[in-house]
Amino acid sequence: MELYNDTLENLSQRLAKGEISALELTQSVLKRIAEVDGKIGSYITVDTEGALAQATAADIRLKSGENVTPLTGIPLGLKDLISTAGLQTTCASKMLVGYRPEYDATVVRRLREAGAVITGKLNMDEFAMGSSTENSALKKTCNPWNTGRVPGGSSGGSTAAVAAATAIATLGSDTGGSIRQPASFCGVVGMKPTYGRVSRYGLIAFASSLDQIGPVALTVADAALLLGVIAGHDERDSTSVNIPGANYYDNLKKDIKGLKIGVSQEYFSAGLDPEVETLVRKACGQLADVGALINEDVSLPHTDYAVAAYYLLATAEASSNLARYDGVKYGFRSDDADGLVDMYRKTRAQGFGDEVKRRIMLGTYALSSGYYDAYYRKAQQVRTLITRDFDKVFGDCDVIVAPVCPTPAFAFGEKIADPLAMYLSDILTIPVNLAGLPAISVPCGFTKSGLPVGLQIIAKPFAEETLLRVAWQYEQLAGWSGRRPELEKGAV
Ligand code: GLN
């Protein structure tokens with residue numbers, strides 16, 4: 001087996017035993033990128049030189065046996081909204097082309113301290129706004145299982161890279177589903193931690209009360225190893241919490257006999273693709289076979305209002321967060337302007353894509369005086385009701401199981417002209433962000449036409465340990481994780 005095809009879990013053991021070197025592994029991944037990324041398009045920036053230098057440093061560490069962590073020498077890719085000192089960070093926007101951050105995000109600092117190798121920066125929807133990666137202003141990313149289909153979004157580059165083996169694992173960010181939905185479309189594991197579990201310092205903000213960085217990997221164990229390194233309190237992010245995390249990896253194998261799983265009817269309503277429904281229901285049956293207690297009688301009655309509330313709150317926050325891109329402080333500046341105000345206007349008109357502009361306008365409108373109570377405050381109230389729905393269900397259940405997305409990966413162009421149709425693809429992931437909960441997408445099978453489908457598992461706040469354990473147990477009995485699409489090399 002080529003090194004790039006192995007799991008993070010195996011590779012870290014092979015590295016620790018000295019069977020392989022970090023340099024060999026990194027060269028294998030870089031070769032794979034050169035061979036197949038022309039066809040898939042995950043990477044905006046490949047940092048060959050940096051990766052080789054970090055691999056050499058990791059080998060010294062591995063040889064001495066000191067300070068070795070499960071990530072020492074492991075090649076990882078990062079969604080291009082996570083700040084990397086000196087390495088271009090674009091948010092897939094013309095606005096930030098050429099921007100080289102002065103500092104590393106906290107997650108990047110933690111990865112570097114653990115000895116990880118950073119291969120480069122991955123494509124996404126511009127400023128993480130979208131569900132297909134088609135909103136990237138810089139390039140197109142294809143689904144490795146079917147290159148006529150989208151990889152999902154907004155972390156489409158991160159999930160396609162894991163599926164195509166052009167990184168051993170990656171980080172994405174999830175504001176309304178942007179890790180779980182593309183993980184489902186690309187047949188990989190993607191996890192959104194509890195809001196506050198992972199520091200957002202250095203994550204370029206979209207909607208600050210919803211954004212959360214999380215792992216994307218081939219297996220649940222790989223995701224647990226990665227979460228173990230990036231999670232934890234950070235004094236630079238006042239919303240990061242000081243609750244000690246469990247040892248996610250070591251606790252995966254505890255059985256789930258007697259664990260209570262809720263299945264809410266609202267997540268199986270009209271619009272759900274029948275093949276997706278069949279696969280998710282089958283997964284529930286398999287969990288029952290290993291001793292979990294399934295309760296199909298739970299209800300999340302405010303689910304229908306989640307998308308509307310999300311698109312008010314997320315756009316309101318985005319309109320404020322994106323005010324900083326004015327041509328003065330960062331990146332792009334229009335050079336055909338007549339005076340300061342014209343420069344602001346033209347910079348924003350030329351630097352942002354249509355979806356970003358649409359959201360800035362929507363958010364600005366919702367926050368305007370006179371409309372605040374009708375829209376923003378109302379949406380906050382709905383957010384509270386959705387959170388209470390979950391609290392009630394979790395009074396009785398340990399986790400909730402649901403589909404991730406109503407459909408498998410759709411074709412390019414299918415939804416891009418209709419923003420509302422695109423927004424609806426997040427209907428099953430958004431409530432989790434509104435309530436700040438941890439959730440994961442684990443592969444649960446393929447449609448007849450060969451497209452992967454994910455199973456969503458949702459847990460109580462800070463119950464990542466339980467979440468990962470259920471996901472791991474399911475993965476062992478279902479066996480869908482770890483599959484790779486056939487990709488001809490060299491096709492560009
Ligand atoms: N697709 C959703 C949106 O467009 C979610 C994006 C995200 O999670 N970053 O807002």
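Read the numbers this way: they start at 1 and go in the same order the structure lists the ligands and their atoms.
Between R197 and E464 there is a salt bridge, with a side-chain nitrogen of the basic residue lying less than 4.0 Å from a carboxylate oxygen of the acidic one. Note on D373 versus K378: no salt bridge recorded, every NZ/NE/NH1/NH2 to OD/OE distance being 4.0 Å or above. A salt bridge does not link D104 to R109: none of the charged side-chain nitrogens sits closer than 4.0 Å to a carboxylate oxygen. Using a 4.0 Å cut-off between a side-chain N of Lys or Arg and a carboxylate O of Asp or Glu, D174 and K192 do not qualify as a salt bridge.
Relative ring orientation between Y305 and H302 is described as tilted, the plane-to-plane angle lying within the 30° to 60° band.
Counting all heavy atoms, side chain and backbone alike, L8 lies closest to I74 at CG-CG2, 3.9 Å.
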Taking a 3.5 Å cut-off between nitrogen or oxygen atoms, can you list every pair linking ligand 1 to the protein, with distances?
unit_1, atom_1, unit_2, atom_2, d
ligand 1, 1 (N), G130, O, 2.8
ligand 1, 1 (N), S131, OG, 2.9
ligand 1, 1 (N), D426, OD1, 3.4
ligand 1, 1 (N), D426, OD2, 2.7
ligand 1, 4 (O), G130, N, 2.9
ligand 1, 4 (O), Y311, OH, 3.3
ligand 1, 4 (O), R359, NH1, 3.3
ligand 1, 4 (O), R359, NH2, 2.7
ligand 1, 8 (O), T175, N, 2.7
ligand 1, 8 (O), G176, N, 2.6
ligand 1, 8 (O), G177, N, 3.3
ligand 1, 8 (O), S178, N, 3.0
ligand 1, 8 (O), S178, OG, 2.6
ligand 1, 9 (N), A128, O, 2.9
ligand 1, 9 (N), S154, OG, 3.4
ligand 1, 9 (N), T175, OG1, 3.4
ligand 1, 9 (N), S178, OG, 2.7
ligand 1, 10 (O), Y310, OH, 2.6
ligand 1, 10 (O), R359, NH1, 2.8

